[in-house]
Amino acid sequence: MTELIAEHIANAAQYAHFWGFFLIFFFMTVESSFIPFPSEVVMIPAGFLAYRGELTFGNVWIDCPVAILVGVAGSLAGAFVNYYLSLYLGRAALHKYGKYFFLKEETLDRAEEVFREYGDLATFVCRLLPAIRQLISIPAGLSKMNLGRFTLFTGLGAGIWVIILTLIGVYFGHLAGDMTYVDMVHKGKDLIADNYIWILVGLVVFTVAYLWVHKRIMKRKNA
């Protein structure tokens, strides 16, 4: 599946000067919605093309930040799709028809359970976790989470993930050579897997700090 998508992305790369940012936005919107789609096949090539001067502006210092902003915007757009679908359809409809959109009932239940327990924190942290990254927007909609807070925490989490993938692409562009898009995606996924422990450590530190601050604030309010 990943290889097939990467091959199509490679074919589309010849139009990157004109359509590059639109394609980044479109595919990241798809990735962030309920449709299974690996973000690695979008943002890693985006960083690669930006470094090689093959995006719209032909300058890595412009193309790279713009690609990141467009990638985050696409992630938010896809998250809004899930948010509003769950907001208007409700729990019963999602449980009944979710299976037709690759949303298993037990997966929805787990996502909602995590969200009920941790709220805003879950919205941010889960954007950096595989499998549940897209689904966390669904319980946010079901619980009618404040849209401003939802946008903020989703944007922060998605932003970190997009930056990581884009910088991996820049790194591969720096290596040069005749690396294919499929090889690039697989090497990028391996690089993330080998160093994912640091992302987890960062999430643990952030979570502990967040809970500590939250606890202090609640104590002051109670006092």
Side-chain angles (χ1 to χ4, degrees), residues 1-2 5 21-44 46 67-166 192 196 199-200 202-204 206-207 210-211 214:
M1 177 66 174
T2 299
I5 296 174
F21 293 129
F22 170 78
L23 292 175
I24 291 171
F25 177 83
F26 174 78
F27 286 121
M28 288 304 291
T29 299
V30 173
E31 184 274 338
S32 192
S33 68
F34 51 81
I35 301 174
F37 193 92
S39 54
E40 292 87 349
V41 304
V42 182
M43 295 313 307
I44 292 178
I68 290 172
L69 290 175
V70 172
V72 174
S75 296
L76 284 172
F80 288 147
V81 170
N82 285 354
Y83 178 91
Y84 282 108
L85 277 177
S86 56
L87 178 64
Y88 289 113
L89 293 179
R91 183 180 295 101
L94 287 173
H95 278 261
K96 185 176 180 180
Y97 300 108
K99 59 184 178 182
Y100 300 111
F101 299 96
F102 312 102
L103 300 175
K104 297 180 180 179
E105 186 172 338
E106 57 270 24
T107 304
L108 290 171
D109 288 339
R110 179 55 182 159
E112 189 174 358
E113 179 184 344
V114 171
F115 186 84
R116 283 199 308 266
E117 185 71 23
Y118 299 106
D120 294 348
L121 179 63
T123 304
F124 168 75
V125 171
C126 289
R127 293 300 306 188
L128 293 164
L129 298 178
I132 201 172
R133 178 162 42 245
Q134 301 89 342
L135 297 180
I136 198 61
S137 304
I138 295 175
L142 289 175
S143 65
K144 300 180 181 180
M145 180 181 182
N146 176 271
L147 187 59
R149 296 203 329 268
F150 174 75
T151 302
L152 173 62
F153 287 101
T154 299
L156 288 174
I160 293 173
W161 184 245
V162 166
I163 289 172
I164 290 173
L165 295 181
T166 304
I192 292 172
Y196 200 78
I199 297 178
L200 293 178
L203 289 177
V204 169
F206 176 85
T207 300
Y210 178 92
L211 293 176
H214 181 72

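- We find the OG1-CZ distance between Thr123 and Arg149 to be 8.0 Å, quoted to the nearest 0.5 Å.
- Between Phe153 and Val125, the closest side-chain pair of non-hydrogen atoms is not below 4.5 Å.
- Remark: the backbone N or O of Met28 is not paired with any side-chain donor or acceptor of Ser32 at under 3.5 angstrom.
- Cation-pi geometry between Arg127 and Trp161 is not met: the NZ or CZ atom fails to fall both under 6.0 Å from the ring centre and inside 45° of the normal.
- Taken from CG in Leu87 to OG in Ser137, the straight-line distance is 12.5 Å, to the nearest 0.5 Å.
- Residue Leu156 holds its CG atom at 7.5 Å from CZ of Phe206, rounded to the nearest 0.5 Å.
- Under the 4.5 Å side-chain criterion, counting only non-hydrogen atoms from C-beta, Ser75 is in contact with Val162.
- Within the 3.5 Å criterion, the main-chain N or O of Glu31 finds a donor-acceptor partner in the side chain of Gln134.
- Nearest heavy-atom pair, Tyr196 versus Leu129, reported as atom, atom and distance to 0.1 Å: OH-CA, 3.5 Å.
- Interatomic distance, CD1 of Ile68 versus CD1 of Ile164, reported as 11.0 Å (0.5 Å rounding).
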Step by step, work out the side-chain contact (heavy atoms from CB on, under 4.5 Å) result for Leu147 and Tyr84.
CA-CA 10 Å; Leu147 187 59; Tyr84 282 108; 3.2 Å; yes

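- Checking side-chain atoms of Tyr83 against main-chain N and O of Leu142 turns up no donor-acceptor pair under 3.5 Å.
- Contact detail for Phe25 and Ala77: the closest heavy-atom pair is CZ-CB, 3.9 Å.
- The distance from the CG atom of Asp120 to the OG1 atom of Thr154 is 9.5 Å, given to the nearest 0.5 Å.
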Does the pair Phe80 and Thr151 meet the rule for a side-chain contact (heavy atoms from CB on, under 4.5 Å), with working shown?
CA-CA 9 Å; Phe80 288 147; Thr151 302; 3.4 Å; yes

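- Side-chain contact between Ile44 and Glu40 is present, with heavy atoms from C-beta onward closer than 4.5 Å.
- When atom types are taken as modelled, the side chain of Ser33 and the backbone of Val30 share a donor-acceptor pair closer than 3.5 angstrom.
- For the pair Val42/Leu23, no side-chain contact is recorded, criterion being any heavy-atom separation below 4.5 Å from C-beta on.
- Not a single donor-acceptor pair under 3.5 Å links the side chain of Asn82 to the backbone N or O of Ile136.
- The structure places OG of Ser39 at 12.5 Å from CD1 of Ile24, a figure rounded to the nearest 0.5 Å.
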